*Asks:* 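One structure follows; several queries about it will come next.
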There are 2 protein chains.
Amino acid sequence: MKDQLHNYLNRYVIFSEEEMNILFKLFEYRTFPKKEHLLVQDELCKYQFFITEGLVRSYYIDEKGDERITQFAIENWWVTNLDSYKNLSPSALFIQAIEKTTVLRISKENLELAFESIPKLERAFRIITENMLVAIQKRYEFYQKKSSKERYQQMIAALPDFSQRVPQYMIASYLEISPEYLSSLRKDI
Amino acid sequence: MKDQLHNYLNRYVIFSEEEMNILFKLFEYRTFPKKEHLLVQDELCKYQFFITEGLVRSYYIDEKGDERITQFAIENWWVTNLDSYKNLSPSALFIQAIEKTTVLRISKENLELAFESIPKLERAFRIITENMLVAIQKRYEFYQKKSSKERYQQMIAALPDFSQRVPQYMIASYLEISPEYLSSLRKDI
DNA sequence: GATTTTCATTAAGATATCTTAAGAAATACG
DNA sequence: CGTATTTCTTAAGATATCTTAATGAAAATC
């Protein structure tokens, strides 16, 4: 568990065992069974979650009462509602385990402590945040360029295991397609 | 010019005069007349641009040959193609001055030097990047939730000066609306 | 293993938005 | 100024995608 986090962070900046020991103490280990929420709407998002195992989604409920998935996250990804976390605003999003999920979570206070005691952690988080920004920009460029059908085809080609682990209507929601229309697209393929 | 950058960065982390002197030397000052490009497609984006005056857009050309605007940036904002900049990949985007624009630009090499000599700059950039991430997430949530008409109404309500400084067809492009349809929406309002 | 719940499919009708093409208005330019 | 370029509008027809509603299949639960 500690090694997993260590290996992950070492991709960006090398941390010593000792630094990792300090850092690791600031995290809490949690398990969420399938369907349990890591965060619910209107609550404050107090943590950043590093997923060590499992699969979660973040989503909101739109005006019509439908769920709209904004993100999936798996092993070795971070998930949080950054707006709520940073600005202490009530979360517009839910974060929910799709499978049994284990996480290391860190509170804002503890992450601030970590930044103070291990300054180069700032660098790691700066780079990770930049990568997330690039990823989200690419994603929306892709959505803008491609039709529903192409989005679906490329998603299952790029992430074939996802189609196994996630129900189809959730993939539809993530791709911004109605489940009925996705179903009819699949018939054509 | 130096003060403008200093004031801006002090929002995030306090820098001394001396630190600012070191940092400022690593930037270059540039002026771009209206319509000139800061970056063109297929080039490498070698800089991050801090806009000190003026207004730019970043956009790409889609399959049909139409321009699609992904971002506007004004005074005290950063603009770059982060994907190209970080990954040394040819830029899919253009960045162009809509008005006469002055910038402070910094190369990747110099920014790395700056991070090394002024480590707390990492913190400032980490926070700035987080803010950008929140902004882009909110933007796309808004696009997903709102109709074309609502997007336009809220944009001109939120940024009334923009409607003056930017031609309508560019606003349409940014809002992901065809210019003809935006024109017809305006008639209704 | 039967029952309930969740998930996927089908089909018909509705609609938001785009496309094309043309002309009008505004702005820039020699 | 007058011409050229850029920007905006109008209107008709096309289409991708959604909605609703019903049925069927699969999976979960007791």
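Every chain is numbered from 1, with letters handed out A, B, ... down the list of sequences. Keep in mind that this is a model prediction, so the values were computed, not measured.
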*Asks:* Does A:Glu150 have any side-chain hydrogen bond (donor to acceptor under 3.5 Å, both in side chains) partners at least two apart in sequence or in another chain, and if so, which?
*Replies:* A:Ser147
*Asks:* What contact category does B:Ser148 fall into here, base, sugar-phosphate, or nothing, at under 4.0 angstrom with non-hydrogen atoms?
*Replies:*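 Sugar-phosphate contact only - B:Ser148 comes under 4.0 Å of backbone atoms but never of a base.
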*Asks:* Write out a two-atom table: protein N or O, nucleotide N or O from nucleotides 26-30 of chain D, distance below 3.5 Å.
*Replies:*
none

*Asks:* Could you check which residues of residues 167-177 of chain B get a heavy atom under 4.0 Å from DNA chain C? Sort them by number, please.
*Replies:* B:Glu176, B:Ile177
*Asks:* When you list every nucleotide of DNA chain C with an atom under 4.0 Å from a heavy atom of chain A, which one comes first 5' to 3', and which comes last?
*Replies:* C:dC7 to C:dA11
*Asks:* Quick one: side-chain contact (heavy atoms from CB on, under 4.5 Å) partners of A:Asn21, sequence neighbours excluded?
*Replies:*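 A:Asn21 satisfies side-chain contact (heavy atoms from CB on, under 4.5 Å) with A:Lys2 only.
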*Asks:* For B:Trp78, look at atom CH2 and say whether over 12 heavy atoms of other residues, nucleotides or ligands are found less than 6.0 Å away.
*Replies:*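 Buried by this count: over 12 neighbours within 6.0 Å.
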*Asks:* Looking at residues 60-70 of chain A, who's got a heavy atom less than 4.0 Å off DNA chain D?
*Replies:*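 The stretch gives A:Lys64 as the residues lying under 4.0 Å from the strand, ordered by number.
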*Asks:* Return the set of residues passing side-chain contact (heavy atoms from CB on, under 4.5 Å) with B:Ser148 (not counting sequence neighbours), or none when no residue passes.
*Replies:* B:Arg151, B:Ile177, B:Tyr181, B:Leu185
*Asks:* Does B:Lys34 NZ have over 12 foreign heavy atoms under 6.0 Å away?
*Replies:* no
*Asks:* Among residues 95-102 of chain B, which ones have heavy-atom contacts with DNA chain C below 4.0 Å?
*Replies:* none
*Asks:* Would you check if B:Asn76 and B:Ile51 make a side-chain contact, meaning some heavy-atom pair closer than 4.5 Å?
*Replies:* no
*Asks:* Could you check whether B:Thr31 and B:Thr102, counting side-chain N and O atoms only, form a donor-acceptor pair closer than 3.5 Å?
*Replies:*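 No.
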*Asks:* Any salt bridge linking A:Glu176 with A:Arg68? Criterion: basic side-chain nitrogen under 4.0 Å from a carboxylate oxygen.
*Replies:* no
*Asks:* Can you find a side-chain donor-acceptor pair between B:Thr70 and B:Ser58 that sits under 3.5 Å?
*Replies:* yes
*Asks:* What I want to check is whether the side chains of B:Tyr60 and A:Gln144 have a donor and an acceptor closer together than 3.5 Å.
*Replies:* yes
*Asks:* Name all residues meeting the side-chain contact (heavy atoms from CB on, under 4.5 Å) criterion together with B:Lys86; count only those two or more places apart in sequence or in a different chain, and write none if there are none.
*Replies:*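 For B:Lys86, the residues satisfying side-chain contact (heavy atoms from CB on, under 4.5 Å) (neighbours in sequence not counted) are A:Ile127, A:Glu130, A:Asn131, A:Val134, B:Leu82.
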*Asks:* Axis-to-axis angle across the helix from C:dG1-D:dC30 to C:dG30-D:dC1, five pairs an end, to 10 degrees?
*Replies:*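 The two end axes of the helix from C:dG1-D:dC30 to C:dG30-D:dC1 meet at 50°.
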*Asks:* Does any pair with a residue in residues 152-164 of chain B pass salt bridge (charged side-chain N to carboxylate O under 4.0 Å, His left out), and if so which ones, sequence neighbours excluded?
*Replies:*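 Passing the test, one end in residues 152-164 of chain B: no pairs.
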*Asks:* May I ask you to check whether B:Phe50 and B:Phe27 place their ring centers less than 6.0 Å from one another?
*Replies:*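 Not under 6.0 Å, so no.
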*Asks:* Surrounding NZ of B:Lys145 (heavy atoms of other residues, nucleotides or ligands, distance under 6.0 Å), is the total greater than 12?
*Replies:*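 Counting other residues, nucleotides and ligands, NZ of B:Lys145 exceeds 12 neighbours.
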*Asks:* Does anything in residues 89-108 of chain B form a salt bridge (charged side-chain N to carboxylate O under 4.0 Å, His left out)? List the pairs, not counting sequence neighbours.
*Replies:*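 Every salt bridge (charged side-chain N to carboxylate O under 4.0 Å, His left out) pair that includes a residue of residues 89-108 of chain B, provided the two are not neighbours, is B:Glu28-B:Arg105, B:Glu99-B:Arg165.
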